[in-house]
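Before any comments, here is the structure.
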There are 2 protein chains.
Amino acid sequence: MPVSKVLERKAKLHTALLDSAERRIAESTVGQLRARDLAADAGCSLGAIYNVFEDLDALILHVSLRTLQRIDLTMAQAGRAYADEDPIERMIKLANAYLEFVDGNHNLWRALFDHTLPEDYELPQWIIDGQLELFRHIEEPLSLVMAGQEPKLISQTARSLFAAMHGIITLSVERRVVAPDAVEPQMEFILRNFVKGLSAST
Amino acid sequence: MPVSKVLERKAKLHTALLDSAERRIAESTVGQLRARDLAADAGCSLGAIYNVFEDLDALILHVSLRTLQRIDLTMAQAGRAYADEDPIERMIKLANAYLEFVDGNHNLWRALFDHTLPEDYELPQWIIDGQLELFRHIEEPLSLVMAGQEPKLISQTARSLFAAMHGIITLSVERRVVAPDAVEPQMEFILRNFVKGLSAST
DNA sequence: CAGAAAATTGAACAATGTTCATTTAACTAT
DNA sequence: ATAGTTAAATGAACATTGTTCAATTTTCTG
């Protein structure tokens with residue numbers, strides 16, 4: 001049974017707008033996204049955008065979900081590719097995989113964090129869930145080097161380590177705090193010493 | 001010799017606009033800043049803003065410099081207050097001082113990083129310099145626990161550690177990656193193990 | 001104090017997200 | 001098939017903003 005023409009058109013337009021937004025963000029920045037450009041790309045009227053998405057913020061969040069899923073894919077691949085190495089090596093590989101994604105998808109990655117929602121706009125749960133997936137990859141090797149610790153602590157630490165590496169990358173590309181060619185060695189330096197410190201305890 | 005009335009007025013307006021912008025950012029967000037509100041606050045015309053500042057971005061950057069200087073002051077105080085403690089304890093105190101500033105000056109802090117400049121707009125050198133000051137505070141205790149290492153490495157590591165702690169705080173308040181009550185213990189956990197790992201090396 | 005120079009003004013402009021009355025298309029029951 | 005009903009698509013119009021600039025006011029100078 002075919003879906004109604006209406007729903008079919010709506011789904012097509014949904015995808016067309018998402019594709020257009022993703023391409024435009026990738027090619028310039030999220031701040032340069034314009035409703036009229038999207039409508040022109042998708043071959044629809046200006047108002048049609050608002051039949052499919054609540055507003056531009058919602059559209060951007062959908063692009064962000066796609067980006068999160070691509071990051072997840074990248075990290076999953078990195079996790080698989082180095083599955084037999086030591087946990088610490090895998091953690092470093094994961095950090096580098098994330099860094100590589102940032103370098104190769106700069107504007108889409110920036111859109112994830114640069115685009116600040118209006119004050120009343122709630123960060124949707126499905127975006128938070130999309131982020132959560134990422135920590136799975138870190139948690140796996142980390143739970144080996146933190147064997148015996150509380151699962152809650154391991155889970156928290158996976159998130160904090162991600163946030164820490166993310167901070168190093170972010171303050172490098174956005175604020176020149178960390179020199180670009182220091183990012184990779186510093187992520188490695190901090191991870192190695194953190195893990196070494198873990199095993200130096202009790 | 002009194003400065004000309006023109007320059008006097010200009011200086012007064014400069015301060016009045018900065019004060020108004022700072023107050024308004026602190027009370028709502030940088031995204032809610034409106035040129036017309038600033039003019040009303042400062043008792044000047046709309047156009048007068050542009051006699052004193054290049055544009056609103058420049059005004060916001062000046063507020064950011066003030067914020068950076070206040071962060072510097074906070075960290076300097078923390079550094080002094082715990083001057084006789086172990087280096088690692090001082091590093092933890094510095095991280096907590098930064099966290100405390102973020103909690104107590106949320107919107108001004110967010111303005112530092114949320115406000116993305118137009119693509120052509122160069123991040124001014126005096127903002128970068130303002131950031132650099134912050135790393136001095138970390139470099140001091142860090143150079144004790146990294147005694148004998150290359151000064152270049154110590155300097156890089158101070159920046160990376162700041163960026164790492166900043167990342168943990170940022171992804172906590174903006175993205176819910178790290179639970180709020182986990183931020184402080186996690187910063188401490190990561191710093192302690194990192195430093196422990198350092199001394200575990202040759 | 002007159003005239004020149006400079007700053008101040010705020011109405012007008014341009015850009016842009018969003019809305020909604022009108023038009024067009026899709027569906028349904030006979 | 002078709003008239004009638006329901007729903008979607010349209011894009012002109014609106015509201016909000018940052019920024020500009022010709023006209024006005026103020027300040028400076030000889």
Nearest-Å distance for atom pair [atom1]/[atom2], residues [X] and [N]:
{"X": "B/I49", "N": "C/dT8", "atom1": "CD1", "atom2": "C1'", "result": "13 Å"}
{"X": "A/F53", "N": "C/dT19", "atom1": "CZ", "atom2": "C1'", "result": "19 Å"}
{"X": "A/L38", "N": "C/dT16", "atom1": "CG", "atom2": "P", "result": "12 Å"}
{"X": "A/E54", "N": "C/dT18", "atom1": "CD", "atom2": "C1'", "result": "11 Å"}
{"X": "A/D37", "N": "D/dG11", "atom1": "CG", "atom2": "C1'", "result": "16 Å"}
{"X": "A/L13", "N": "C/dA25", "atom1": "CG", "atom2": "C1'", "result": "15 Å"}

B/F194 and A/F194 aromatic centres sub-6.0 Å: no
Sub-6.0 Å ring centroid separation between B/F53 and B/H14: yes
Exceeds 12 heavy-atom contacts within 6.0 angstrom, atom CD of A/Q149: yes
CD/B/E54: more than 12 non-hydrogen atoms of other groups inside 6.0 Å: no
Any donor-acceptor pair under 3.5 Å from B/S28 side chain to B/R24 backbone: yes
Residues in side-chain contact (heavy atoms from CB on, under 4.5 Å) contact with B/E184, at least two apart in sequence or another chain: B/N96, B/L99
By side-chain hydrogen bond (donor to acceptor under 3.5 Å, both in side chains) - contacts of A/E174 (at least two apart): none
With A/H166 via side-chain hydrogen bond (donor to acceptor under 3.5 Å, both in side chains) - residues at least two apart: A/Y98, A/T170
Contact nearer the 5' end of DNA chain C, comparing A/Y50 with B/N51: B/N51
Annotated protein contacts, base or backbone, on nucleotides 12-17 of chain D with a non-hydrogen cut-off under 4.0 Å, one of B, S, - each: -B---S
Residue-level proximity of residues 111-119 of chain B to DNA chain C when a heavy atom falls under 4.0 Å: none
B/S45, nearest nucleotide to its side chain (from C/dG10, C/dT19, D/dT20): C/dG10
Salt bridge (Lys or Arg N to Asp or Glu O under 4.0 Å): pairs with one or both residues in residues 81-90 of chain A, sequence neighbours excluded: A/E85-A/K93, A/E89-A/R192, A/R90-A/E140
